[in-house]
K.L.:
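Here it is: the structure, laid out below.
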Amino acid sequence: MNRLELHDPRWAGLRGGYRTPENFPELLRDLSGAPTPELWDALHHQGDVDLGSYASLPYLLDAAENATAQDQVEWIALSALILALRHAERNPQPPPWLAEQIGHSEDRLLRIALAALAQKEERDESSLAVLLGAVAVAQGQARLGNVLLDWQEDGLCMSCGEVSIPGYIL
């Protein structure tokens, strides 16, 4: 499988969402249940992701494949967010040794999200938005994916109360 093994010394030079070194191998060793707040913080901070976030993707997708339905949505959300934010100007482009892994991660994310969508489980609006956003991101539509990943069930911005979806009619 195309991934940076947890014992690889390159992890020590990788940074996360805060642009600081993180102990990624330790964070990625046990990914049971839903993603922890510590993992979210290490990989993503206010729209920032970095090379350690990208290198973590195969492990996050492993967790998504092995999770319960609700936890799976959380793993998919984190993975899709990292993949979408790598297109933001402020986030680094992956070096060649990591670019191929990201391509594989996009393919896996698409398969996992589509399989989750095909399940006959009743999903709330937020979960459905995450799955559809993940499909968009995996298909190269990061901006559309971001809209769906950031979806608010009532269509209103949680902080200001304004309509947050362009074209949304109350």
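All of these numbers come straight from a predicted model, not from anything done at the bench.
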K.L.:
Determine the minimum heavy-atom distance between Gln93 and Leu51, stating which atoms define it.
P.N.:
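Closest approach of Gln93 to Leu51, heavy atoms only: O-CD2, 3.9 Å.
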K.L.:
Could you check whether any side-chain N or O of Arg3 sits under 3.5 Å from a backbone N or O of Ser56, counting only pairs where one atom can act as donor and the other as acceptor?
P.N.:
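Checked: no pair found.
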K.L.:
Would Asp124 and Ser126 count as a side chain to side chain donor-acceptor pair (under 3.5 Å) here? Give the steps.
P.N.:
CA-CA 6 Å; Asp124 62 25; Ser126 293; 4.7 Å; no
K.L.:
Indicate the atoms forming the closest heavy-atom contact of Gln101 with Pro58, along with that distance.
P.N.:
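Minimum heavy-atom separation between Gln101 and Pro58: NE2-CD, 3.2 Å.
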K.L.:
Minimum heavy-atom separation for Ile76 and Ala116, please, with both atom names.
P.N.:
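Minimum heavy-atom contact is CD1-CB, 4.4 Å.
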K.L.:
Within the distance-only criterion (no hydrogens, no angle test), does the side chain of Gln72 pair as donor or acceptor with the backbone N or O of Ala64 below 3.5 angstrom?
P.N.:
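Pair found, side chain donor or acceptor close to backbone of Ala64.
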K.L.:
Going from CG on Leu98 to CG on Leu4, what distance comes out if it is rounded to the nearest 0.5 angstrom?
P.N.:
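Atom-to-atom, Leu98:CG and Leu4:CG are 8.0 Å apart.
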K.L.:
Taking all atoms of both residues into account, what is the closest heavy-atom pair of Leu6 and Tyr59, and its distance?
P.N.:
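Where Leu6 meets Tyr59 most closely, the heavy atoms are N-OH, 3.5 Å.
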K.L.:
Taking only residues two or more places apart in sequence or in another chain, which ones pass side chain to side chain donor-acceptor pair (under 3.5 Å) with Glu106?
P.N.:
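Side chain to side chain donor-acceptor pair (under 3.5 Å) check on Glu106 returns Arg86.
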K.L.:
Can you sort out the partners of Phe24 under ring-ring contact (aromatic ring centres under 6.0 Å, His included), two or more places apart, ordered by chain and number?
P.N.:
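For Phe24, the residues satisfying ring-ring contact (aromatic ring centres under 6.0 Å, His included) (neighbours in sequence not counted) are Trp11.
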K.L.:
Heavy-atom count around Glu122 CD within 6.0 Å, excluding the residue itself: above 12?
P.N.:
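Counting other residues, nucleotides and ligands, CD of Glu122 stays at 12 neighbours or fewer.
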K.L.:
Return each pair, listed once, that meets side chain to side chain donor-acceptor pair (under 3.5 Å) where at least one residue sits in residues 129-149; pairs must be two or more places apart or across chains.
P.N.:
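Qualifying pairs: none.
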K.L.:
Just by distance, do the side chain of Tyr54 and the backbone of Pro92 share a donor-acceptor pair under 3.5 Å?
P.N.:
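Here the side-chain-to-backbone pair exists.
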K.L.:
Can a side-chain donor-acceptor contact be found between Arg19 and Asn91 if the only test is distance below 3.5 angstrom?
P.N.:
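Yes, a side-chain donor-acceptor pair sits under 3.5 Å.
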K.L.:
Does Gly33 offer a backbone N or O that forms a donor-acceptor pair with the side chain of Trp75 under 3.5 Å?
P.N.:
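Looks like yes, one N/O pair under 3.5 Å.
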K.L.:
Counting distance only, does the side-chain N/O of Asp50 pair as donor-acceptor with the main-chain N or O of Gly52 below 3.5 Å?
P.N.:
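Side chain of Asp50 to backbone of Gly52: no pair is present.
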K.L.:
Please step through salt bridge (Lys or Arg N to Asp or Glu O under 4.0 Å) for the pair Asp62 and Arg108, ending with a clear verdict.
P.N.:
CA-CA 9 Å; Asp62 289 347; Arg108 276 184 79 194; 2.7 Å; yes
